[in-house]
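What you see is a predicted model; the values in this text were computed from it and never measured.
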Amino acid sequence: MIGAVKLLLTKKILLDKQNIIQTFVRIPFSLIFPILFLGHFLHLGQNNIIVSVIIWTCCTTVFFDSYLITDYELKNNYVTYIKLTGHSYYSFRMVSNCLLFAINTILYSILIVVLIIIKIVRMNQLSFNSLLPIAFSVFISVNFVNSLQVRFKGKQMFNIFNSVIDILFIVSGVMFPIHYLGQRAIILYLIPTALPFALLNGESMISWTEPILFLLSISVMLYVTSKNFKVGNE
């Protein structure tokens with residue numbers, strides 16, 4: 001059953017025209033071209049701002065898809081059927097989110113490759129030292145959101161979730177370095193996505209404090225995620 005669900009999820013994502021339109025039509029016209037325009041006339045100092053925004057969009061796509069899929073599964077009591085297979089819903093969600101992230105990563109990687117070919121993005125802007133922490137932090141965060149859905153099932157969380165995503169876009173350093181917000185903004189590195197995007201954007205004012213705050217936030221989220229799934233499944 002689990003294998004069949006994974007196959008159906010993969011086919012749904014790959015054959016969904018909305019995903020293709022979102023990646024290759026809406027994003028270039030609504031996000032990339034305006035940034036190019038502003039960069040030309042305002043001389044923005046952040047060279048890889050386009051890559052940063054594309055990767056953030058990929059991450060938020062995973063967030064929203066995972067949220068909506070989990071919401072559907074909870075409302076239709078899929079948790080009971082998954083338990084009958086001998087798997088926990090926690091492990092099922094982790095595998096599903098991995099699959100969701102991998103497929104969206106492939107789609108957005110194609111977009112980045114196209115931009116490299118037409119010389120809008122330069123290859124030396126990408127580094128595994130930043131991409132891997134982004135993938136790790138997003139994966140942990142997505143599972144954390146799912147655990148809140150399981151813990152507080154039946155509650156209307158979507159509006160809150162949507163607002164939080166918008167706020168995270170501002171305070172995660174996607175468009176500009178966090179230190180622009182002042183010295184006290186170092187507390188923002190408690191946000192799991194803040195340090196990875198700072199590394200992606202070449203943040204030069206990182207000390208030993210930021211990685212500690214990052215690891216602290218990840219540790220807390222892992223603990224709360226595990227606890228929420230246990231409580232929600234009781």
(message) Tell me every residue that passes side-chain contact (heavy atoms from CB on, under 4.5 Å) with Ile118, counting only those two or more places apart in sequence or in another chain.
(response) Leu115, Ile120

(request) For Asn159, enumerate each residue passing the side-chain hydrogen bond (donor to acceptor under 3.5 Å, both in side chains) test, keeping only those at least two apart in sequence or located in another chain. (result) none

(message) According to side-chain hydrogen bond (donor to acceptor under 3.5 Å, both in side chains), who are the partners of Ser91, at least two apart in sequence or on a separate chain?
(response) Ser88

(message) Between Ile212 and Leu199, is there shared hydrophobic-cluster membership here, with clusters defined by ILVMFWY side-chain heavy atoms closer than 4.5 Å?
(response) no

(message) Using the side-chain contact (heavy atoms from CB on, under 4.5 Å) criterion, which residues pair with Ser219? Sequence neighbours excluded.
(response) none

(message) Taking ring pair (Phe, Tyr, Trp, His ring centres under 6.0 Å) as the definition, give me every residue that meets it alongside Tyr223, ordered by chain and number, with sequence neighbours left out.
(response) none

(request) Return the set of residues passing side-chain contact (heavy atoms from CB on, under 4.5 Å) with Asn77 (not counting sequence neighbours), or none when no residue passes. (result) Thr80

(message) Are Met221 and Ile160 connected into the same hydrophobic cluster when the rule is that any two of I, L, V, M, F, W, Y join if their side-chain heavy atoms are below 4.5 Å apart?
(response) yes

(request) Specify the closest pair of heavy atoms between Pro211 and Ser207, including all atoms of both residues, with the distance to one decimal. (result) CD-O, 3.0 Å

(request) Please examine the side chains of Leu131 and Ile55, heavy atoms only from C-beta on, and report whether any two atoms are closer than 4.5 Å. (result) yes

(message) Would you say Trp56 ends up clustered with Ile170 if hydrophobic residues are merged whenever their side chains have heavy atoms under 4.5 Å apart, either directly or through other cluster members?
(response) yes

(message) Are Phe92 and Val79 packed together at the side-chain level, in the sense that at least one heavy-atom pair is separated by less than 4.5 angstrom?
(response) no

(request) Report whether Ile167 and Met157 are members of the same hydrophobic cluster (ILVMFWY, side-chain heavy atoms less than 4.5 Å apart, transitive linking). (result) yes

Name every donor-acceptor pair, under 3.5 Å, that has one atom in a side chain of residues 184-198 and the other anywhere in the protein, sequence neighbours excluded.
{"residue": "Thr193", "atom": "OG1", "partner": "Ser172", "partner atom": "OG", "Å": "2.8"}

(message) Holding to side-chain hydrogen bond (donor to acceptor under 3.5 Å, both in side chains), I want the full list of residues that pass it with Ser163, two or more places apart in sequence or in another chain.
(response) none

(request) Over all heavy atoms of both residues, which pair between Phe139 and Met94 is shortest? Give the atoms and the distance, please. (result) CE1-O, 3.4 Å

(request) Evaluate the side-chain contact (heavy atoms from CB on, under 4.5 Å) criterion for residues Asp65 and Asn104: first the C-alpha distance (whole Å), next the side-chain angles of each, then the deciding distance (0.1 Å), finally the verdict. (result) CA-CA 10 Å; Asp65 285 351; Asn104 279 283; 4.1 Å; yes

(message) Looking at Ser147 and Phe229, would you say the former's side chain and the latter's main chain have a donor-acceptor pair under 3.5 Å?
(response) no

(request) Walk me through it: do Tyr108 and Thr61 pass the test side-chain contact (heavy atoms from CB on, under 4.5 Å)? (result) CA-CA 10 Å; Tyr108 284 87; Thr61 299; 3.1 Å; yes

(message) Tell me whether Phe101 shares a hydrophobic cluster with Leu222, the cluster being built from Ile, Leu, Val, Met, Phe, Trp, Tyr side chains joined at under 4.5 Å.
(response) yes

(request) Begin from the C-alpha positions of Asn162 and Phe64 and carry the test side-chain contact (heavy atoms from CB on, under 4.5 Å) through to its verdict. (result) CA-CA 8 Å; Asn162 193 24; Phe64 278 101; 3.2 Å; yes

(message) Under the rule for ring pair (Phe, Tyr, Trp, His ring centres under 6.0 Å), what residues qualify as partners of Tyr67, not counting sequence neighbours?
(response) Phe158, Phe161

(request) Compare all side-chain heavy atoms of Leu74 with those of Tyr89 and state whether any distance is below 4.5 angstrom. (result) yes

(message) I'd like to check the side-chain hydrogen bond (donor to acceptor under 3.5 Å, both in side chains) partners of Asp71; sequence neighbours left out, ordered by chain and number.
(response) Lys75

(request) Applying side-chain contact (heavy atoms from CB on, under 4.5 Å), name anything that partners Val224, two or more places apart in sequence or on another chain. (result) Phe144, Val220, Asn228

(message) With side-chain hydrogen bond (donor to acceptor under 3.5 Å, both in side chains) as the rule and sequence neighbours excluded, what pairs involving residues 133-146 come up?
(response) Ser66-Asn146, Thr70-Asn146, Arg93-Asn146, Asn97-Asn143, Asn97-Asn146, Asn146-Gln149

(message) Just verifying a value: how many Å separate Thr105 OG1 and Ile110 CD1, rounded to the nearest 0.5 Å?
(response) 11.0 Å

